[in-house]
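Before any comments, here is the structure.
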Number of protein chains: 2
Amino acid sequence: MARASYRTIGRLTHYWRVLRDLEAKGQTHAYSHLLAAKARVTAAQVRRDIMVLGYSGTPARGYEVRGLIECIESYVFPASEQRVAIAGVGNIGLALLKFFTGRRPNLRIVSSFEANPEKFDRLIYGCRCHSIDRAGEVIRQEGVSVGIIAVPDGEAQYVADTFVDAGIRGILNFARTPLRVPAGVYVENIDLAMSMDRVAFFARRSLKKEHAASPAKAPSANKESNS
Amino acid sequence: MARASYRTIGRLTHYWRVLRDLEAKGQTHAYSHLLAAKARVTAAQVRRDIMVLGYSGTPARGYEVRGLIECIESYVFPASEQRVAIAGVGNIGLALLKFFTGRRPNLRIVSSFEANPEKFDRLIYGCRCHSIDRAGEVIRQEGVSVGIIAVPDGEAQYVADTFVDAGIRGILNFARTPLRVPAGVYVENIDLAMSMDRVAFFARRSLKKEHAASPAKAPSANKESNS
DNA sequence: TGCACATTGTGATTACCTTCACGAAGCCTG
DNA sequence: CAGGCTTCGTGAAGGTAATCACAATGTGCA
Ligand SMILES: NC(=O)c1ccc[n+]([C@@H]2O[C@H](COP(=O)([O-])OP(=O)(O)OC[C@H]3O[C@@H](n4cnc5c(N)ncnc54)[C@H](O)[C@@H]3O)[C@@H](O)[C@H]2O)c1
Ligand SMILES: NC(=O)c1ccc[n+]([C@@H]2O[C@H](COP(=O)([O-])OP(=O)(O)OC[C@H]3O[C@@H](n4cnc5c(N)ncnc54)[C@H](O)[C@@H]3O)[C@@H](O)[C@H]2O)c1
């Protein structure tokens, strides 16, 4: 039972979504082939990924949908509420706040931080906005473990330092600055401008293969961000 | 002179930004070590990436900043204006429109498409909004080669088909649906929810190493994304 | 001029991830 | 209950990308 890699974790969340759809349609069992087709990967890849969960299907019946869903949940999703804070309520910050609000029971954006005093103390999509100067204090108080950085590039390192000092262990960084953080803190970078440039490049090149990002795909979903 | 990979292209755009900063500061030459430090990669990686450009530095002087900038530009950036269209002017669509407007001379978002009639014909950040039904027509007329998909998940495949039929060769996809496109069309997926889940996971795991994303990076970016 | 040094360019190596391929195992059919 | 199919789990193989390591090279200095 190998350790799950960055990409495996991403795919597992994808299988989870696919499985939820299948369950909603009344399916009780699913073959690796089916999951593979829906997640656009190979069947072998699906089986390998599921291997790290320690979950087993049966030949002739495949995987049990409900059981696999629960297994993925207990492996990749937080068991109890994990709290998130966001710095920078601008274009991207707002989009994320709006999108994530109320969507995940165990992953909640509880606070936002701004430099612009006009936004202080307002409730934005149910999330209180504080001065960035109070970030450390609030993060500790609320028990936040994940931070999103959506501030201008030049402010990103400062915010990251504040986050790390306050005990945050994972950062989703939209700024185009590679952050310097101590070992043990996970950073996932999403550089939208880089993705645009890449798409433009490969559109000209007219490649045969699709890629990940997302990140990473990586290239897709992000195929790929980086760090 | 090997073919540039997905990740190499991403890093080259990053070096380009770093080099522009150096030039602005009056630096005329730069060593691979310096670029590496600023882009948070290894020096060997920088040299490998530059190798695909066919550009050469000199020992003892390193790379010539201006020359390398021009070389990267001619390799990864469009020589003449490349046009982009965006489907879905919601949270993400708006953020992108606002951010990219007027930022890149040779990469311009020229049109947007919506299903919501309230937005038709309005000018949003200098970009005309059309009905999605007219997408094929407008894309062909304007010579658009890159499409951004920022519509709800269920609409993504339909929009992708429309894009592809109209001749678009590269797609930046924010929907959480793996798109089915013919070979030769490049897709980069950015799944923000997946990135969030990953950050939350690795924050709990408290890993020692930072990762790319992604697209993926990618990942990252973006990390990694996928396809 | 010639030597000592730092850096480049790149073959070789390593690490990681994906795919292949096949033994084992459950299910259905007759 | 046995035989045939199909699928799972996984060791081995294959690919791709990152890193290492070193010969080649140009520089500045003595
Ligand atoms: N929007 C996009 O499409 C896009 C694309 C590529 C990259 N990015 C990157 O994403 C980041 C955010 O982009 P955006 O478009 O949302 O920017 P934005 O300017 O709309 O928002 C930034 C927000 O951060 C706030 N802020 C500034 N300094 C701060 C600080 N020290 N602490 C807390 N808040 C602070 C500002 O008041 C503002 O509201 C930038 O780094 C940008 O380069 C954005
Ligand atoms: N906003 C986020 O933070 C976030 C996070 C994760 C994933 N996503 C994904 O990104 C995509 C867009 O998200 P969003 O938050 O911007 O959504 P949104 O609902 O804010 O915007 C979607 C827009 O698309 C328009 N639309 C609907 N059908 C259309 C069609 N057929 N053609 C053209 N336009 C159409 C709608 O009118 C709306 O304006 C979704 O697939 C979502 O799953 C968004």
Side-chain angles (χ1 to χ4, degrees), chain A residues 1-12 15 28-37 39-65 67-68 71 207-213 215-219 223-224 226-227, chain B residues 1-12 15 28-37 39-65 67-68 71 207 209-221 223-224 226-227:
Chain A
M1 196 157 107
R3 205 172 183 68
S5 73
Y6 164 79
R7 281 161 122 132
T8 294
I9 293 298
R11 284 189 300 263
L12 284 172
Y15 304 151
T28 61
H29 294 267
Y31 296 126
S32 59
H33 299 81
L34 179 68
L35 298 180
R40 236 37 125 254
V41 294
T42 65
Q45 182 76 79
V46 171
R47 296 200 295 273
R48 268 268 180 257
D49 290 334
I50 289 176
M51 223 169 76
V52 311
L53 300 175
Y55 185 86
S56 278
T58 61
R61 196 108 33 160
Y63 301 99
E64 205 212 322
V65 171
L68 187 49
C71 190
L207 278 200
K208 280 118 269 162
K209 286 282 301 173
E210 306 100 90
H211 283 75
K217 139 258 30 14
K223 261 98 336 134
E224 288 292 309
N226 47 45
S227 155
Chain B
M1 197 160 105
R3 204 173 185 69
S5 74
Y6 163 79
R7 282 160 123 135
T8 294
I9 293 299
R11 284 189 301 264
L12 284 172
Y15 304 150
T28 61
H29 294 266
Y31 296 126
S32 59
H33 299 81
L34 179 69
L35 298 180
R40 239 28 131 260
V41 294
T42 66
Q45 183 77 79
V46 170
R47 296 200 295 274
R48 267 267 184 265
D49 289 335
I50 288 176
M51 223 169 75
V52 312
L53 299 175
Y55 185 86
S56 279
T58 62
R61 196 100 44 152
Y63 301 100
E64 205 212 322
V65 172
L68 187 48
C71 191
L207 278 200
K209 288 282 300 173
E210 307 100 89
H211 283 75
S214 69
K217 111 65 103 241
S220 231
K223 208 145 235 144
E224 279 34 42
N226 46 46
S227 153

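Just so it is clear, the structure is predicted and the values come from calculations on it, not from any experiment. Throughout, a chain's letter reflects where its sequence line sits, starting with A, and its residues are numbered from 1.
- Considering only residues two or more places apart in sequence or on other chains, B:A43 meets the side chain to side chain contact (heavy atoms under 4.5 Å, CB included) condition with B:S32, B:H33, B:A36, B:R47.
- In this structure, the OH atom of B:Y31 is 11 Å from the C1' atom of C:dC5, given to the nearest Å.
- One atom, OH of A:Y6, and another, P of D:dT16, lie 20 Å apart when rounded to the nearest Å.
- The shortest distance between the side-chain N/O atoms of A:Q45 and the OP1/OP2 oxygens of C:dC17 is not below 4.0 Å.
- Rounded to an integer number of Å, the gap from CZ of A:R47 to P of D:dG9 is 8 Å.
- Taking atom CZ on B:R3 and atom C1' on D:dA17, their separation rounds to 17 Å, with Å as the unit.
- Taking 4.0 angstrom as the limit, B:S56 places a side-chain polar atom (N or O) nearer than this to OP1 or OP2 of C:dG9.
- Taking atom CG on A:D49 and atom C1' on D:dC8, their separation rounds to 15 Å, with Å as the unit.
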Would you tabulate the nitrogen or oxygen pairs shorter than 3.5 Å linking the protein to nucleotides 11-15 of chain C?
{"unit_1": "C:dG11", "atom_1": "N7", "unit_2": "B:R48", "atom_2": "NH2", "d": "3.1"}
{"unit_1": "C:dG11", "atom_1": "O6", "unit_2": "B:R48", "atom_2": "NH2", "d": "2.8"}
{"unit_1": "C:dA12", "atom_1": "N6", "unit_2": "B:R48", "atom_2": "NH2", "d": "2.9"}

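- The listed nucleotides are C:dT8, C:dT18, D:dC8; the one nearest the side chain of A:S32 is D:dC8.
- In this structure, B:R11 and B:V41 approach most closely via the heavy-atom pair CD-CG1, 4.0 Å.
- In this structure, A:L12 places its CG atom 14 Å from C1' of C:dC17, rounding to the nearest Å.
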Protein-nucleotides 25-30 of chain C N/O pairs closer than 3.5 Å?
{"unit_1": "C:dC27", "atom_1": "OP1", "unit_2": "A:R61", "atom_2": "NH2", "d": "2.7"}

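- Between B:L68 atom CG and C:dT8 atom P the separation is 11 Å, expressed in whole Å.
- Within the nucleic acid shown, A:T8 has no heavy atom closer than 4.0 Å to any nucleic acid atom.
- Taking B:R48 as the reference, nothing meets the salt bridge (charged side-chain N to carboxylate O under 4.0 Å, His left out) condition, with sequence neighbours excluded.
- Rounded to 10°, the helix from C:dT1-D:dA30 to C:dG30-D:dC1 has 0° between the axis fitted to its first five pairs and the one fitted to its last five.
- Atom pair A:L34:CG and D:dT6:C1' shows a separation of 15 Å (rounding to whole Å applied).
- OP1 or OP2 of D:dA17 has not a single side-chain nitrogen or oxygen of B:R11 nearer than 4.0 Å.
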**OP:** Evaluate side-chain contact (heavy atoms from CB on, under 4.5 Å) for B:Q45 paired with B:D49, printing each intermediate quantity in order.
**Re:** CA-CA 6 Å; B:Q45 183 77 79; B:D49 289 335; 3.5 Å; yes

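- Considering only residues two or more places apart in sequence or on other chains, B:Y63 meets the side-chain hydrogen bond (donor to acceptor under 3.5 Å, both in side chains) condition with none of them.
- Here the OH atom belonging to B:Y15 is positioned 10.0 Å from the CG atom belonging to B:L68, to the nearest 0.5 angstrom.
- Heavy atoms only, all atoms of each residue included: B:C71 and B:L53 are closest at SG-CB, 3.8 Å.
- OP1 or OP2 of D:dT19 sits under 4.0 Å from a side-chain N or O of B:T42.
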